[in-house]
Structures are given as C-alpha cells and as structure tokens.
Amino acid sequence: MSEDLSPAAVIGLGRIGLPLAAQFASKGLPVAGCDIDAALVARVAAGACPYEDEDGLEPLLKTAHDAGLFSATTDTAATVAESAVIVIIVPVGLTAEQRPDFSALDAAARAIAPRLRRGSLVVLETTVPVGTTRRRLGPLLEAGGLKAGRDFALAYSPERVYVGRVLADLRRYPKIVGGIDAESTRRAVTFYQRALDATVTPVASCETAEFVKLAETTYRDVNIALANELARAADDLGVDVTEAIAAANSQPFSHIHQPGVGVGGHCIPVYPRFLLENAPAMSLPRTARETNDGMAGYAAEKLSRALGGLSGKTVLILGLSYRPNVKEAAYSSTFALARELSAAGARVLVHDPYFSDAEVRALGLQPPPAFPPPQVDAVVVQALHDQYRGLDPASFRGCSVVLDGRNALRREPIEAAGLRYLGIGR
C-alpha cells in the first residue's frame, strides 16, 4: 500500500475535528475538512473560526487558510477520492434507550466507501464501543469494493483532548494507535508522528486502542461517583467534604475528584455506557452512572428542604454549559437539574453568557427576562463561568438560598449578604 501522508481529509468539523485539521495543516499537510453542516462549512471555508473559546485555534486556522493548506467542503465523497489519509471524527452519542447511536458514523462511512482510494489510510478517532472499528466501520467501508488490510489500511486512535484546550492536549498527551493488523498500525503511527508533536504509542490492536479510551473515561466517572458518595456521607456526618478531600489527596496514593450536581460533556456520561455495551457484567461503571445521574435529584432535595418546598418557587440556574468558560451544552447537568426542580413544582430559569436567549429556548429551557432577574427564590451555580465570579449575591432580589453545585464559591460573601449557602457535602 502507498506511503502517502497527504492530502488528508478530516471527516467532522466539530469541537475536536476542526482543531485536529488545523493541527495537521500546521505541519505542512494539505487538509480538507468535511462536514454535513453547510453553514459551518461556509464559515470555515471563508477563514472564520466558529469556536472562539478554543484556545489558539483562530490564529492557527488563519495561518492554514492563508497558506492554502486548509479547505472545507460538504462533498465528502469527492474529497475522499483525492485523499491519502482519512480521519473520521463524527459524533457517536446515546439513543433514548441509552445505547450507542451510530447514525452519524454509519452515514460518514457510506459517504466514504464509494470513493475510497486504493492504498489509503483510514483512522477512526471517535470514541466507540470495543469492536466498532473492525466489525462495523470496516465492513461499511468495504462496501465500496476495497478490502481492509489488503487495499487500504484501517486503524483506531482515540481523541484524548479537552474542549477549550484541544491544541495543547494534542501536544501534551501520548497518541494511542492500534490497527486491524500490524501494517495498519505502522502506517497510522507514521502518519501521527508526522502530523503531531506528541509521543505516538502503538498498542496491539484497534480493540485495545478502543478499550484504552473507555477505561480512562470510566475511571473518571467512577472516581467522581466516589466523591459524590463521600459528599452525601459528609452531609450526614457534618463534615466539609472539600476540606476532607484536599487533606486526603495530600497522601500521594489518593486522587479523589470533586463532587457536584452531576457530570456533563460528550465523554463521561456516555463512554462508560459504551464499555457496558460489550461488558454488561461490570458493576462499578453501572453503579457510578446511577450515582452521578442521581446528583441532580439530590441537589433538588437539598434546595427543597432549605426553601420549605419548591412548589411555586423561582429557581435560577447559572451555567448551561457542562463546564466553565466554554460554549458546550452536551449532556449538561443543567438539563437534569431543570427536570428535577420542575417536577417538584419550581419555575426554572437558566442563564449562560455563552448562549443567547434563543439558544436557551431552543434547548427546551427558559431564560430569565433580565439578568439578574427581577425576582428569584434561589440560585443554583451549575457552571461557574468567569463572568459569574464578580456577581453580588445581593443583586438577586428575593433570593434566600444559593446552592453551590460545584463547591466553587466562598461561603462568607453569600452569608454576609444575608443568604443561606448550600454546598454538595459541605
């Protein structure tokens, strides 16, 4: 098979795919980015950066665009026909039944298959259940008439980055690579050594590489579930869990994460379920998911007790994003909080400086009529954006309780303003 490393195609220009394409171009590789979102493609093709909160992406994209090394298109098939390397990073989330949703991946594979070049390298970076690369993606690509491992190389390399700092993480973390055979692994390693600055680490197979990503994200979910269990115990025992965790983590073998009102993002709420898809007998990941999913209800119960019930109360949630300082609402704890509070009879308002009122409404939530609102009974901090750090607790008229859902606030200013402070395990 060919040793060509360019041109390359990146299929999927989302929060990770676009920085990945920019990184490849920064190494002098001609890259075409493909996406089904015509508006997104038009913006990117014109040299604009759609993710302004992604550190370092805007100048890197501009440099690549000005140098003629990056283009964007909705025509995946035509792009694949001209590409030596195809990197797929389209979303695989969960269905309503909490099963893997392969619809975007299947559609991408069907678009690629008819025009796949003999001798090309295809790498899947989307996090998927173990076996997906070989048993699902491979056959879909082979429908075009070429044979994986004979006519084209096929490998898996999990993305291991954090939205907001993708480019830094691409330099920082070792790149794990596993192919369907030794030659596919070798070719993928060669490509990433050329395209990235990080260490490239080959593993025995694409299944091993798939398992690596599921193991590391499930570890985090289980660790957070432990922190949440400790927080609930601390509430019962009259202990401040933040102080206790900080002290415990001074011992070098202790790495306890932080509790909160839930876990959001594309990764942690989703990927442990991918692991369970092929390993249903595992009990810790299942229990961790139940624990973390239950924290929104626990927070609502704490707030209800403090207010003497939630019926007829107005509650403002600060932060729609799943974490601070990014515009990303995937699986945000705000959705679960809003459901729990509404089910208890509260009127729920959601504010986030990264989202317009129209965008909040489009996600099924209600923005406040003004900010701060004219009257609220309680405020819940779900994502402590920098813009919230200077807020005066007294500016929320009628508010009597602040629930610090991330244990990120100082208690003293809140209590000095005459409000009651609630934390998770505090």
Side-chain angles (χ1 to χ4, degrees), residues 220-251 254-264 268 288 290-310 313 315-319 321-325 332-334 336-338 340-341 344 346 348 350-351 376-396 398-426:
R220 293 172 63 199
D221 199 33
V222 171
N223 194 314
I224 294 169
L226 171 62
N228 283 327
E229 289 277 281
L230 290 172
R232 296 175 77 145
D235 273 338
D236 291 339
L237 298 170
V239 172
D240 186 334
V241 75
T242 60
E243 181 183 19
I245 288 176
N249 284 349
S250 66
Q251 207 281 347
S254 181
H255 306 282
I256 305 169
H257 290 1
Q258 295 300 315
V261 290
V263 183
I268 301 179
E290 293 170 355
T291 296
N292 291 335
D293 283 346
M295 291 306 293
Y298 180 72
E301 289 173 8
K302 289 194 72 167
L303 196 58
S304 180
R305 288 194 298 269
L307 291 172
L310 289 169
K313 300 294 197 301
V315 180
L316 172 67
I317 300 176
L318 295 181
S321 297
Y322 77 88
R323 67 177 176 85
N325 303 321
S332 170
S333 300
T334 290
L337 277 169
E340 294 287 347
L341 294 167
V348 181
V350 175
H351 179 268
V376 294
D377 296 288
V379 171
V380 179
V381 176
Q382 192 284 129
L384 188 63
H385 297 307
D386 287 345
Q387 294 93 323
Y388 292 147
R389 292 186 178 276
L391 285 176
D392 178 5
S395 67
F396 297 102
C399 182
S400 60
V401 179
V402 173
L403 173 59
D404 182 4
R406 299 299 172 189
N407 292 343
L409 302 174
R410 291 178 57 239
R411 176 193 301 265
E412 293 78 12
I414 293 168
E415 294 180 338
L419 283 68
R420 182 175 177 184
Y421 173 90
L422 297 177
I424 305 298
R426 302 188 75 182

What are the two closest non-hydrogen atoms of A408 and L384, and how far apart are they?
-> CB-CD2, 3.6 Å
List the atom of G264, the atom of S333, and the distance in Å for their closest heavy-atom pair.
-> N-OG, 4.2 Å
Between L409 and Y421, the two heavy atoms sitting closest are O-OH, 4.1 Å
Has R411 got more than 12 heavy atoms of other residues, nucleotides or ligands less than 6.0 Å from its CZ?
-> yes
With rounding to the nearest 0.5 Å, note down the distance linking OG1 in T242 to CG in L230.
-> 12.0 Å
Any side-chain heavy atom of V263 within less than 4.5 Å of one from R220?
-> no
Counting only heavy atoms not in E243, do more than 12 sit closer than 6.0 Å to its CD atom?
-> no
Between the main-chain N or O of P259 and the side-chain N or O of N407, is there a donor-acceptor pair closer than 3.5 Å?
-> no
Examine distances only and state if a side-chain atom of K302 and a backbone atom of G423 form a donor-acceptor pair shorter than 3.5 Å.
-> yes
Side chain of T291, backbone of L226: donor and acceptor closer than 3.5 Å?
-> no
If you measure from CD on Q258 to CG on N223, what distance do you get to the nearest 0.5 Å?
-> 9.5 Å
Between CD1 of I268 and NE2 of H257, what distance do you get to the nearest 0.5 Å?
-> 7.0 Å
Between the side chain of R406 and the main-chain N/O of P324, is any donor-acceptor distance below 3.5 Å?
-> no
Between M295 and G262 the two heavy atoms that sit nearest each other are CB-N, 3.9 Å
Ring pair (Phe, Tyr, Trp, His ring centres under 6.0 Å) partners of Y388, counting only residues at least two apart = H351, H385
Option from V348, L403, I317 for which side-chain contact (heavy atoms from CB on, under 4.5 Å) with L337 holds = I317
Residue that, paired with L303, satisfies side-chain contact (heavy atoms from CB on, under 4.5 Å) out of V402, L341, V379 | L341
For I424 and G405 the tightest heavy-atom approach is CG1-O, 3.9 Å
Smallest heavy-atom separation, A248 atom then I256 atom, equals CB-CD1, 4.1 Å
Sidechain-backbone polar pair: Q382 side chain, S321 backbone, donor-acceptor under 3.5 Å | yes
Euclidean distance, N292 CG relative to E229 CD, rounded to 0.5 Å | 9.0 Å
Will you find, in the side chains of D235 and Y298, an N or O donor that is under 3.5 Å from an N or O acceptor?
-> yes
